[in-house]
Q: 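Have a look at this one.
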Amino acid sequence: MNCPTIDELSKYVDDLLTEKESDRVQVHVENCSHCQEVVAAFLEEQRFVVETLQNPELPDDFADNVLEQLEPYEQKTFRRKAPWKKVMLSAAGVVLAVGLSAALSPSFAQLIGGFFSTEQADEGLRLAMEEGLAERVDLAVEDQGVTLKVEDVMADSSRITLSYQVLKNGKTKNTYLEEGDSANRVIALDSNGNEIGQLGYSWWDGGDYGVYEFSLRDQEELDRLTVRFDIVELNGVRGSWKLDVPIDLKEKRQLTKTLALEDASITTNGVKVDLQKAQKAPSSTELFYETSFSEEELTRIEKARNDFVLRFGAENVEDLVYQYETAIAYHLEDESGTALYSWNTWTEEKGHAVDTGMLQGTSERLGTLGHLKWVNSFVPKKEQPNVAFVLDGVYKTEPVDFSVKIRPNELRKKPFSFEFEGNHLTVVKAKNETNFYLRKSLMPIAKEETFVIEMEGGKEVGASELGDWLITDDKGNVYSSGLSGSILDEKDENGDFKVGMQLTLPKLKEVPEELILHLFSVKRYEPVVEPWKVPLY
């Protein structure tokens with residue numbers, strides 16, 4: 001296969017390609033050592049320009065001369081400009097003290113530097129760094145002239161964050177560690193050598209650091225663990241990089257405050273909400289809760305599921321049933337009533353739910369349909385103010401009985417339009433398509449043949465969100481479809497938010513005269529009449 005042009009590789013590094021073009025180039029670069037060298041050269045040039053602009057060459061006595069001149073003045077003259085505020089946003093108190101010294105003293109710069117002082121680190125990690133929880137470990141292993149170095153570790157009771165670099169000849173290289181089909185492994189082990197899950201990975205294209213993060217949400221008894229690197233391919237080089245990073249949590253757990261929330265439960269609009277506990281750690285503020293359908297709502301949904309099974313067959317329905325679920329919208333406010341955090345809060349300006357102050361939101365399905373366990377993490381406040389939970393509304397993804405009939409071969413001349421609960425959509429295309437993509441194989445170019453149904457249109461503020469669809473043809477065949485879609489902040493001429501939706505099924509041998517699209521699920525938002533408030537202190 002031909003390599004991308006130099007211009008394409010340059011645009012790839014500068015993030016100027018479309019998402020599809022970028023994915024294509026990335027797959028190629030991962031398998032082409034020549035293009036890896038070109039990309040590395042562009043990244044090095046990019047880094048050189050940034051470093052040159054941020055750290056110009058200064059004479060050896062510049063620091064002494066400047067500090068002597070600044071001595072008589074108040075500290076406010078040491079304030080950094082905007083680029084430094086970005087890097088040390090949470091360390092406003094120390095910016096004044098270390099301002100020029102950090103740029104001029106290599107040892108001091110090393111002391112405050114590292115991943116946790118970069119914009120890659122979230123605000124919670126930077127606050128934890130200020131609390132002294134970021135530890136410089138500098139563990140490294142070298143093979144084939146390439147070094148894997150674990151630099152810093154931050155640990156508190158909510159999470160462990162570990163930063164690493166890939167170095168060659170003292171210079172930082174691409175930190176991407178391929179796992180999946182690769183033999184590379186990074187795992188977390190307890191004190192008995194048992195593997196623990198929940199190890200997450202993040203990587204920035206062009207960044208100096210890669211990051212592994214381990215959630216401690218369900219590991220309340222864990223006092224010690226080891227993160228083990230077993231890498232056999234690094235930066236396109238085959239070798240062996242084995243490294244163990246021991247982490248002790250015993251003392252750090254004492255920094256966390258946990259509040260059990262007993263009898264904090266409410267049922268509204270068919271959704272039950274059970275608050276379980278609130279937890280304040282140096283790097284995050286977390287809320288643990290569960291949501292589920294009420295008994296009456298669950299009975300109604302089970303009946304609708306059985307009706308779908310009779311109409312379309314269990315094999316087509318069961319995988320979609322799990323989309324019936326519950327969620328909530330809420331905010332956390334301080335004692336003055338000011339909202340500090342929000343989750344899933346509906347905004348008319350955006351036309352969709354938004355979050356404020358969020359670090360991460362995770363959910364886990366429990367045994368009963370629609371029963372989920374949630375953990376939401378928020379950026380902590382330095383002073384950790386008292387906050388109260390305020391329920392704003394509930395979301396239900398539930399069954400619906402709605403169908404539209406289209407004629408695929410006539411759509412080009414006559415698109416089909418329909419409306420449903422504030423959604424105004426037009427089916428503009430329904431046809432077989434062939435897409436080519438790259439893969440790691442003896443045959444690197446593969447093709448995917450699908451039947452694609454495309455819709456576009458508008459969505460009113462507060463309108464329901466359309467979910468999965470089942471599709472039947474004029475011969476009685478039933479198809480489950482993959483679904484993708486987007487809601488834009490941009491509005492159309494009617495004041496509705498622009499939306500796009502695509503249904504994907506396996507390629508049809510013969511395009512039928514008629515297709516019926518059956519909407520299987522819809523997500524509705526129900527605001528609460530009276531806000532429910534629970535103090536979290």
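Nothing fancy with the numbering, it's 1 onward along the sequence.
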Q: Main chain of Glu295, side chain of Thr299: is a donor-acceptor contact present, judged purely on distance under 3.5 Å?
A: yes
Q: For residues Leu162 and Val211, determine if any side-chain heavy atom of one lies less than 4.5 Å from a side-chain heavy atom of the other.
A: no
Q: Do the side chain of Asn306 and the main chain of Val309 share a donor and acceptor less than 3.5 angstrom apart?
A: no
Q: Could you check whether any side-chain heavy atom of Tyr212 comes within less than 4.5 Å of a side-chain heavy atom of Ile160, counting everything from C-beta outward?
A: no
Q: If we ignore hydrogens and angles and just use 3.5 Å, is the side chain of Asn192 paired with the main-chain N or O of Asn194 as donor and acceptor?
A: no
Q: Only one of Leu425, Val427, Val428, Val499 clears side chain to side chain contact (heavy atoms under 4.5 Å, CB included) with Glu456; which?
A: Val428
Q: Would you indicate whether the side-chain heavy atoms of Pro399 and Tyr324 approach each other to under 4.5 Å?
A: yes
Q: Please enumerate all residues that pass ring pair (Phe, Tyr, Trp, His ring centres under 6.0 Å) together with Phe389, with sequence neighbours excluded.
A: Tyr330, Trp532
Q: Please confirm whether Lys277 makes a cation-pi placement over Phe288, using NZ or CZ under 6.0 Å from the six-membered ring centre and within 45° of the ring normal.
A: yes
Q: Side chain of Ser521, backbone of Asp468: donor and acceptor closer than 3.5 Å?
A: yes
Q: Before accepting this row, confirm whether a basic side-chain N of the pair Glu213/Arg159 lies closer than 4.0 Å to the acidic partner's carboxylate O.
A: yes
Q: Any side-chain to backbone donor/acceptor pair from Asn344 onto Ile328? Under 3.5 Å, distance only.
A: yes
Q: Do we see a donor-acceptor contact under 3.5 Å between the side chains of His371 and Glu325?
A: no
Q: Can Asp307 and Arg311 be counted as an ion pair, charged N to O under 4.0 angstrom?
A: no
Q: Do Trp374 and Thr291 pair up side chain to side chain, a donor and an acceptor below 3.5 Å, judged on atom types alone?
A: yes
Q: Start with the C-alpha gap between Thr472 and His518, add the side-chain angles, then the distance that decides, and say whether side chain to side chain donor-acceptor pair (under 3.5 Å) holds.
A: CA-CA 8 Å; Thr472 56; His518 307 271; 3.0 Å; yes
Q: May I ask you to test the Glu433-Lys507 pair for a side-chain heavy-atom distance under 4.5 Å?
A: no
Q: Val227 and side chain to side chain contact (heavy atoms under 4.5 Å, CB included): which single residue from Ile187, Val186, Leu189 fits?
A: Val186
Q: I'd like to know if Lys396 and Glu526 make a salt bridge, using a cut-off of under 4.0 Å between side-chain N and carboxylate O.
A: no
Q: Are the side chain of Lys280 and the backbone of Ser284 linked by a donor-acceptor contact shorter than 3.5 Å?
A: no
Q: What are the two closest heavy atoms between Phe420 and Val400, and how far apart are they?
A: CZ-CG2, 3.4 Å
Q: Can you give the donor-acceptor pairs under 3.5 Å from side chains of residues 257-270 to other protein atoms, not counting sequence neighbours?
A:
from   : atom 1 : to     : atom 2 : distance (Å)
Ser265 : OG     : Val273 : O      : 3.4
Ser265 : OG     : Asp274 : OD1    : 2.7

Q: Could you pull out all residues at least two apart from Phe293 that satisfy ring pair (Phe, Tyr, Trp, His ring centres under 6.0 Å)?
A: none
Q: Could you walk me through whether Met501 and Trp469 satisfy the side chain to side chain contact (heavy atoms under 4.5 Å, CB included) test, starting with their C-alpha distance in whole Å, then the side-chain angles of each, then the deciding distance to 0.1 Å, before giving a yes or no?
A: CA-CA 11 Å; Met501 187 178 300; Trp469 297 71; 3.8 Å; yes
Q: Could you check whether any side-chain N or O of Ser480 sits under 3.5 Å from a backbone N or O of Asn316, counting only pairs where one atom can act as donor and the other as acceptor?
A: yes
Q: Could you check Asp355 against Ser342 for side chain to side chain donor-acceptor pair (under 3.5 Å), going step by step and ending with a plain yes or no?
A: CA-CA 5 Å; Asp355 310 318; Ser342 68; 5.6 Å; no
Q: Can Lys523 be said to sit on top of Tyr395's aromatic six-ring, NZ or CZ under 6.0 Å from centre and within 45° of the ring axis?
A: yes
Q: Apply ring-ring contact (aromatic ring centres under 6.0 Å, His included) to the pair Phe520 and Phe308, showing each step before the final yes or no.
A: CA-CA 8 Å; Phe520 185 81; Phe308 273 126; 4.5 Å; yes
